[in-house]
Amino acid sequence: MIAAQPRTGLIVAGPKDFSLEDTLTCGQCFRFFPQPDGSFEGVAQGRFLKIAQQNDSLLFYNTSPEEFEGFWRGYFDLDRDYGAIKQRLSQDKTLKKAAEYAPGIRILKQDFWEALCCFIFSQNNNIKRIMGITERFCEAFGDLLPQGRHSFPSSDRIAPLSREDLCPLRCGFRADYLLDAARKVSSGEIDGPKIRGMPLEEARTVLQTIRGVGPKVAECVLLYGLNRLDAFPVDVWIKRALDRYYGGTLPNTIKEYAGIAQQYLFHYIRTAEKKA
DNA sequence: AGCCAGGGTCTGC
DNA sequence: GCAGACCATGGC
């Protein structure tokens with residue numbers, strides 16, 4: 001898979017079913033910014049990455065083969081056969097069309113605590129501002145990296161803070177929610193790995209004991225922060241798609257990969273709506 | 001200018 | 001249980 005290793009990073013040749021832009025801009029992560037040259041720069045797990053997609057290849061800058069194998073390969077979910085999943089989902093007519101709209105979307109394997117914070121910020125908010133709040137959060141409480149960006153602050157760093165300490169974020173009523181999440185994660189009352197192993201219903205219930213975490217945020221944390229591909233976040237757009245195409249609920253056959261189906265549907269119905 | 005943003009909580013029936 | 005006001009801020 002690795003075709004070459006330039007000094008600055010490495011090249012992954014011809015990943016199938018992968019669109020860097022669709023994956024990084026579909027509203028699942030908030031720390032990758034598009035650059036004028038078409039690349040993206042972001043931070044995950046305290047690592048800075050510049051990445052581009054050219055001629056069907058992925059160019060990883062600022063990384064080593066060891067770091068790629070140990071982290072980024074998993075982060076971008078490069079070992080999962082999305083072609084096979086799409087084939088299964090495409091038994092359903094609507095999902096077949098939806099998958100064809102954005103055939104390169106992947107579910108990133110993000111950090112649990114980071115996903116929890118970002119989707120608390122996401123409540124009644126838009127993607128641009130979510131990214132702004134998240135970046136101010138990292139600048140205020142994370143560690144400065146050599147490339148000028150900041151790592152994501154730990155829950156231990158946030159737990160002892162007060163509401164006033166979070167004023168610079170300008171995140172409004174979400175500040176109290178963030179503090180409750182930090183306290184529960186820092187104390188161990190909320191434990192990501194443990195929740196990941198729970199049945200979906202139980203995992204949802206536990207996450208929703210955090211103030212400001214309701215059905216939608218809990219589902220996003222499960223899908224994006226714990227890689228539970230059977231989680232299915234429902235917002236207004238998905239609700240609309242369910243009503244329009246399925247009479248309210250998903251067909252049982254797609255349950256195992258409902259989260260991936262959700263991404264395709266989300267992208268599809270919004271794009272279709274814009275065109276109309 | 002005003003509506004809305006990948007919602008959740010609290011209150012009042 | 002369920003609807004509706006309210007929440008803080010800024011993008012468009």
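Side-chain atoms are counted along with the backbone in the values below, which use heavy atoms only and exclude waters and symmetry mates. Every chain is numbered from 1 and lettered A, B, ... according to where its sequence line falls, protein lines coming before strand lines.
- Rounded to whole Å, the separation between the C1' atoms of C/dC7 and B/dC4 comes to 14 Å.
- Residues from residues 216-224 of chain A with heavy atoms under 4.0 angstrom of DNA chain C: there are none.
- Nearest-nucleotide positions on DNA chain B place A/Gln28 closer to the 5' end than the other of A/Ile210 and A/Gln28.
- Within 4.0 Å (heavy atoms only), A/Pro215 reaches sugar-phosphate atoms of the nucleic acid but no base atom.
- For C/dG10, neither phosphate oxygen OP1 nor OP2 lies less than 4.0 angstrom from any side-chain nitrogen or oxygen of A/Lys128.
- Between A/Tyr268 and A/Tyr264, the gap from one ring centroid to the other reaches at least 6.0 Å.
- Atoms CE (A/Met131) and C1' (C/dG11) sit 14 Å apart, rounded to a whole Å.
- If you take CZ of A/Arg129 and P of B/dG7, they are 12 Å apart, rounded to a whole angstrom.
- Spacing between B/dT11 and C/dA8 at atom P, rounded to whole Å, works out to 15 Å.
- In this pair, A/Phe119 does not lay its aromatic ring on the base of B/dG6; centres under 5.5 Å and planes under 30 degrees do not both hold.
- Contacts of A/Gly27 with the nucleic acid, taken as non-hydrogen atoms under 4.0 Å apart, include base atoms.
- The pair A/Arg228-A/Glu219 does not meet the salt-bridge criterion, since no charged nitrogen lies less than 4.0 angstrom from a carboxylate oxygen.
- Residue A/Cys118 is classed as having no contact, given no heavy-atom separation below 4.0 Å to the nucleic acid.
- Once rounded to the nearest 0.5 Å, the distance linking CG of A/Leu265 with CG of A/Leu89 reads 9.0 Å.
- Nucleic acid contact for A/Gln263: base, since at least one base atom lies under 4.0 Å from a heavy atom of the residue.
- Of the two residues contacting DNA chain C, namely A/Asn126 and A/Gln123, the nearest-nucleotide position lying further toward the 5' end is that of A/Gln123.
- Distance CD1 (A/Ile120) to C1' (C/dC7): 15 Å, rounded to an integer number of Å.
- A straight line from CG of A/Asp180 to P of B/dG8 spans 14 Å, rounded to a whole angstrom.
- Taking the charged nitrogens against the carboxylate oxygens, A/Asp176 and A/Arg211 have no contact shorter than 4.0 Å, which rules out a salt bridge.
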Quick one: side chains of residues 114-125 of chain A, donor-acceptor pairs under 3.5 Å with protein atoms, not counting sequence neighbours, listed by atom name and distance.
unit_1: A/Ser122; atom_1: OG; unit_2: A/Phe119; atom_2: O; d: 2.8
unit_1: A/Asn125; atom_1: OD1; unit_2: A/Arg129; atom_2: NE; d: 3.2
unit_1: A/Asn125; atom_1: ND2; unit_2: A/Phe121; atom_2: O; d: 3.0

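- Of the residues in residues 165-176 of chain A, those with a non-hydrogen atom less than 4.0 angstrom from any atom of DNA chain C are A/Arg170, A/Gly172, A/Phe173, A/Arg174.
- If you check B/dG6, B/dT9, C/dT9 against the side chain of A/Gln262, the one that comes closest is B/dG6.
- Closest non-hydrogen pair, A/Leu178 versus A/Phe137, comes out as CD2-CE1, 3.8 Å.
- Closest to the side chain of A/Asn125, from the set C/dG11, B/dT9, B/dA5, is B/dA5.
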Would you please test A/Gln263 and A/Tyr224 for side chain to side chain donor-acceptor pair (under 3.5 Å) and show each step?
CA-CA 11 Å; A/Gln263 276 295 4; A/Tyr224 306 121; 2.7 Å; yes
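- Distance CZ (A/Phe121) to P (C/dG10): 14 Å, rounded to an integer number of Å.
- If you check the side chains of A/Asp92 and A/Tyr246, you find a donor sitting under 3.5 Å from an acceptor.
- Electrostatic pairing of A/Lys109 and A/Asp77 counts as a salt bridge here, judged by a charged N lying under 4.0 Å from a carboxylate O.
- The distance from atom CG of A/Asp235 to atom C1' of B/dG8 is 15 Å, rounded to the nearest whole Å.
- Ring centers of A/Phe18 and A/Tyr82: at least 6.0 Å apart, outside the cut-off.
- Here C/dC6 presents its P atom at 15 Å from OH of A/Tyr177, a figure rounded to the nearest Å.
- B/dC3 sits 15 Å from C/dC6 when the P atoms are compared, rounded to a whole Å.
- The side chain of A/Asn124 sits closest to C/dC7 out of B/dG8, C/dG11, C/dC7.
- The nearest whole Å value for the distance from the NZ atom in A/Lys239 to the P atom in B/dG7 is 10 Å.
- Phosphate contact (OP1/OP2 of B/dC10, side-chain N/O of A/Arg211, threshold under 4.0 Å): present.
- At least one test fails for A/Arg196 against the ring of A/Phe112: distance under 6.0 Å to the centre or angle within 45° of the axis.
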